[in-house]
Amino acid sequence: MGNTQPTPPSGELRATGTLDIKDSRTDKTYSVQILQGGPEGDTATRAMDLRQIKTSPDEFGMMTYDPAFMNTASCKSAITFIDGDKGILRYRGYPIEQLAEKSTFLEVAWLLRNGELPAQPEYDKWVHDITYHTYVHENIKTFLQGFRYDAHPMSMMCSAVAALSSFYPEAKNIHDPASRDISIIRLLAKMPTLAAFCYRHSKGLPFIYPDNDLSYTENFLSMVARMSEPKYEANPIFVKALEILFILHADHEQNCSTSAVRAIGSSQVDPFSAIAGGVAALYGPLHGGANEQVLRMIAEIGDPKNVPKFIDEVKGGKGSKLMGFGHRVYKSYDPRAKIVKKLADEVFKVVGVDKDLEIALKLEEAALNDEYFVSRKLYPNVDFYTGLIYRSMAFPTDFFTVLFAVARTSGWLAQWEEMLNDKEQKIARPRQIYVGYGERPFASKLTDRFPKAK
Ligand code: CMC
């Protein structure tokens with residue numbers, strides 16, 4: 001009894017039955033295996049098992065057609081578990097609520113990568129190594145100074161992470177565990193520095209170097225906000241809030257950006273380039289960019305009394321979507337959104353209520369009681385309230401997704417390494433179903449193939 005640990009999962013898929021498929025074209029029946037993951041794991045069949053289904057030997061064979069991967073498992077993973085109907089999120093088996101309350105972001109980053117919580121000496125070394133590598137090459141400063149004053153920080157961030165790849169050419173030795181180790185440490189260490197430098201560039205402020213006496217989040221806040229004071233002292237509620245928000249955003253299984261990182265990484269490129277691809281995917285308004293769009297939407301609504309009209313426009317397809325609502329996987333309240341809403345209350349108690357909170361609360365109430373949203377199972381997602389907290393910490397709206405990227409780097413890296421260690425994985429290369437012309441002879445419509453520019 002007591003502190004007994006459950007047996008570690010095997011990480012393998014088990015055959016739990018067979019599925020018979022009858023092809024009406026040939027009257028032939030095929031048996032394919034049904035595979036299952038862990039105790040709560042979903043079931044699937046191997047798409048390659050369908051290839052045997054054909055009407056003649058020279059036919060290619062049956063594929064599955066799944067635009068936007070609505071029902072396709074692209075990998076097996078032991079990192080993050082989501083039950084979208086019950087609103088459950090766990091990293092390596094640990095409920096997100098417990099991690100947010102009791103853990104630190106760097107402990108969670110270790111957990112995501114290694115599968116178990118770190119022992120004290122492991123944690124001490126991990127924190128030391130990440131702290132030690134926070135500085136970036138001085139040329140990165142020159143690189144960032146090349147951006148216009150109004151460049152979006154996510155564009156800068158994406159380019160800066162890609163540029164880091166050129167500073168660490170040895171990072172391409174992805175099959176060498178030591179090389180992977182240092183690349184992972186460098187990326188986790190330097191993301192806050194890059195993010196803060198992007199912020200300072202936007203503001204026209206001098207870059208602030210990392211202060212290695214500070215914790216991960218305190219140091220980040222110092223690089224963002226420090227002015228002439230010799231030592232930056234962050235507001236403890238901001239440090240706590242950021243730590244929790246980083247934990248909540250650390251991983252979310254096979255979302256758009258993580259799938260992008262895995263797909264890019266599957267070409268065996270270095271992790272800096274793969275993570276730059278993740279940042280690019282996260283930038284989109286349907287993904288990480290949604291937290292920014294929530295505040296823009298609230299600003300547009302302007303007043304709580306305009307909420308019903310806005311909701312009607314969303315429903316009528318006239319306006320935009322209700323940003324910060326809906327999720328591909330969650331069909332109930334996003335568990336992260338619950339924690340964020342509570343956190344927002346705590347932050348607002350200290351810094352005062354955000355002026356747009358009333359609009360947000362009204363929107364939420366209106367949507368949760370409206371047939372349109374209820375029938376489609378559209379609930380607030382993690383992005384709905386995060387923007388309000390970030391703004392109360394004085395972060396500008398276009399910087400919100402950068403904060404998401406800093407945190408998600410831990411998940412991207414864990415997923416990237418899991419992909420590399422998975423013997424079943426190869427270069428990602430989906431199939432298509434061709435629907436274009438059959439062969440036709442080339443007959444140009446041009447009379448001048450090299451016209452001069454007018
Ligand atoms: N507002 C209004 N209607 C919506 C919304 C919304 N936010 N989200 C989905 N719908 C409707 C959609 O129009 C469709 O209606 P119908 O069946 O009549 O055509 C139905 O709900 C199903 O939506 P879907 O587009 O098929 O769902 P999806 O799984 O493809 O999209 C989503 C998921 C998150 C992209 C979408 O809900 C959305 O665009 N939400 C707003 C953007 C947002 O908040 N994104 C952050 C996601 S959470 C953090 C992250 O992963 O980055």
Side-chain angles (χ1 to χ4, degrees), residues 9-88 252-260 262-264 266-267 281 286-287 317 321 326-332 371-379 415 418-419 422-443:
S10 75
E12 294 306 321
L13 300 177
R14 301 169 281 123
T16 55
T18 53
L19 179 71
D20 290 341
I21 303 166
K22 186 167 177 198
D23 186 341
S24 65
R25 301 167 303 174
T26 56
D27 262 349
K28 264 180 87 172
T29 300
Y30 301 85
S31 246
V32 294
Q33 261 185 346
I34 299 174
L35 301 170
Q36 187 169 15
E40 291 152 298
D42 296 313
T43 52
T45 59
R46 278 183 196 280
M48 278 303 283
D49 283 355
L50 303 182
R51 191 69 78 72
Q52 54 178 318
I53 303 177
K54 41 176 97 171
T55 52
S56 67
D58 52 353
E59 210 182 84
F60 183 73
M62 184 76 78
M63 295 186 283
T64 55
Y65 174 57
D66 189 11
F69 305 117
M70 297 285 289
N71 195 37
T72 292
S74 60
C75 61
K76 52 185 191 302
S77 178
I79 300 175
T80 290
F81 173 79
I82 301 177
D83 184 326
D85 290 325
K86 297 195 187 124
I88 293 174
H252 212 231
E253 51 119 306
Q254 308 313 315
N255 55 83
C256 176
S257 57
T258 302
S259 303
R262 277 182 174 257
I264 298 169
S266 76
S267 74
L286 297 189
H287 191 8
K321 284 183 170 174
H327 200 275
R328 173 62 59 80
V329 182
Y330 293 119
K331 299 302 166 198
S332 70
E371 208 311 285
Y372 174 96
F373 296 92
V374 173
S375 63
R376 288 170 178 76
K377 300 190 175 172
L378 301 171
Y379 292 87
Q415 299 268 354
E418 185 182 66
M419 184 264 311
D422 183 344
K423 301 269 179 300
E424 280 195 286
Q425 289 292 341
K426 291 170 176 255
I427 186 165
R429 197 340 184 153
R431 294 278 175 178
Q432 63 164 16
I433 302 178
Y434 179 69
V435 292
Y437 283 111
E439 184 178 337
R440 50 184 184 153
F442 176 72

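For this chain, numbers begin at 1 and follow the sequence in order.
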Query raised in the report: Any side-chain heavy atom of E253 sitting closer than 4.5 Å to one from S77?
Result: no
Query raised in the report: Quick one: are C75 and Q425 in side-chain contact, heavy atoms under 4.5 Å?
Result: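 In contact.
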Minimum heavy-atom separation for [X] to [Y], with atom names?
X: Q52; Y: V32; result: NE2-CG1, 4.1 Å
X: R51; Y: K54; result: O-CE, 3.5 Å
X: A281; Y: A260; result: CB-CB, 4.0 Å
X: S332; Y: G87; result: OG-N, 3.3 Å

Separation between [atom1] of [X] and [atom2] of [Y], rounded to the nearest 0.5 Å:
X: D27; Y: K22; atom1: CG; atom2: NZ; value: 4.5 Å
X: I34; Y: T18; atom1: CD1; atom2: OG1; value: 6.0 Å
X: E371; Y: R376; atom1: CD; atom2: CZ; value: 8.0 Å
X: E12; Y: L35; atom1: CD; atom2: CG; value: 11.0 Å

Requested in this report: Show the numbers, then the answer: is there a side chain to side chain contact (heavy atoms under 4.5 Å, CB included) between I21 and L50?
Outcome: CA-CA 9 Å; I21 303 166; L50 303 182; 3.7 Å; yes
For [X], what residues pass the side chain to side chain donor-acceptor pair (under 3.5 Å) criterion, not counting sequence neighbours?
X: R25; result: D23
X: D85; result: none
X: D42; result: none
X: H287; result: N255, S257

Just to verify, what does [X] make a salt bridge (Lys or Arg N to Asp or Glu O under 4.0 Å) with, not counting sequence neighbours?
X: K86; value: D83
X: D49; value: none
X: E418; value: R262
X: E424; value: R46, K76

Query - Listed partners of S259 passing side-chain contact (heavy atoms from CB on, under 4.5 Å), at least two apart - result: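 Here the qualifying residues are Q254.
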Report task. Apply side-chain contact (heavy atoms from CB on, under 4.5 Å) to V329 and list each qualifying residue two or more places apart in sequence or on a separate chain. Result -> I82, H327
Please output the side-chain donor-acceptor pairs of residues 60-70 that fall under 3.5 Å, not counting sequence neighbours, one pair per line with the distance.
from	atom 1	to	atom 2	distance (Å)
D66	OD1	M70	N	2.9
D66	OD1	N71	N	3.4
D66	OD2	M70	N	3.3
D66	OD2	N71	N	2.8
D66	OD2	T72	N	3.0
D66	OD2	T72	OG1	2.4

Report task. Hey, could you give me each pair passing side chain to side chain donor-acceptor pair (under 3.5 Å) that has a residue in residues 28-39? Not counting sequence neighbours. Result -> D20-S31
